[in-house]
Amino acid sequence: MSLNFIERVNTSNELRQNFTLSQLTIANVAVYLNTSVQKINQILELDHVAPEDPWILKEYLSNKLQNQGIISYPYSKLVGDFRDYWFLHTTKIENQQLSK
């Protein structure tokens, strides 16, 4: 799935909204996802990332928010079950394996 400019801006904002709601730090998320702060920032900006990367961050944040009893900010494009998208490598998402 390719996003146009407005969809990319909206998706980036939605990820940031949920990041803020989670009250997590970028550094903590980077450690948990075995990556760098720079990589998390790239994902938040949708800057040269694999299609699975935003889904990995979305799933992680959604789980954290759910565990805290917080309702997630709604997504406009990262919707439904990622397993339903034929072009995604679902095992990467399930294993939280971000691109390098």
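- The two residues Thr11 and Lys77 make their nearest non-hydrogen contact at OG1-CB, 3.9 Å.
- Side chains of Arg83 and Glu94 form a contact here, defined as non-hydrogen atoms less than 4.5 Å apart.
- Cluster annotation: Trp86 is connected to Leu3 through the hydrophobic network of ILVMFWY side chains, with a link wherever side-chain heavy atoms come within less than 4.5 Å.
- Residue Arg16 holds its CZ atom at 4.5 Å from CG of Leu44, rounded to the nearest 0.5 Å.
- Clustering ILVMFWY residues whenever any of their side-chain heavy atoms sit less than 4.5 angstrom apart, transitively, puts Leu61 in a cluster other than the one holding Ile70.
- No single ILVMFWY cluster, assembled from side-chain heavy atoms under 4.5 Å apart, contains both Leu65 and Ile40.
- Shown here is Gln23, whose CD atom has no more than 12 heavy atoms of other residues, nucleotides or ligands within 6.0 Å.
- Crowding of Gln66 atom CD: a count of heavy atoms from other residues, nucleotides or ligands under 6.0 Å not exceeding 12.
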*Show the numbers, then the answer: is there a side-chain contact (heavy atoms from CB on, under 4.5 Å) between Lys92 and Trp55?*
CA-CA 10 Å; Lys92 287 184 177 181; Trp55 282 92; over 6 Å; no
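- Legend: residues meeting salt bridge (charged side-chain N to carboxylate O under 4.0 Å, His left out) with Arg8, ordered by chain and number and at least two apart, are absent.
- Atom-to-atom distance recorded for Ile71:CD1 and Asn18:CG is 11.5 Å, nearest 0.5 angstrom.
- Considering every non-hydrogen atom in both Asn4 and Ile6, the closest pair reads OD1-N, 3.1 Å.
- Scanning both residues, Ser62 and Tyr75, for their nearest heavy atoms gives OG-CE1, 4.4 Å.
- For the pair Asp53 and Ser99, the tightest heavy-atom approach, listed with the atom from each and the gap, is OD2-OG, 2.5 Å.
- Shortest non-hydrogen contact noted between Phe19 and Leu24 is CE2-O, 3.2 Å.
- The closest side-chain heavy-atom distance from Leu15 to Leu46 is below 4.5 Å.
- Lys39 pairs with exactly one of Asn41, Val37, Ile43 by the side chain to side chain contact (heavy atoms under 4.5 Å, CB included) rule, that one being Ile43.
- Lys100 contributes atom NZ, which lies 6.5 Å from atom OG1 of Thr35 (distance to the nearest 0.5 angstrom).
- Of the possible donor and acceptor atoms, one in the side chain of Glu14 sits under 3.5 Å from a partner among the backbone N and O of Ser76.
- No single ILVMFWY cluster, assembled from side-chain heavy atoms under 4.5 Å apart, contains both Leu78 and Leu21.
- For the pair Lys58 and Phe82, the cation-pi test (distance below 6.0 Å, angle within 45°) is failed.
- Scanning for ring pair (Phe, Tyr, Trp, His ring centres under 6.0 Å) contacts around Tyr73 gives an empty result, with sequence neighbours left out.
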_Could you walk me through whether Val29 and Leu57 satisfy the side-chain contact (heavy atoms from CB on, under 4.5 Å) test, starting with their C-alpha distance in whole Å, then the side-chain angles of each, then the deciding distance to 0.1 Å, before giving a yes or no?_
CA-CA 9 Å; Val29 173; Leu57 183 57; 3.9 Å; yes
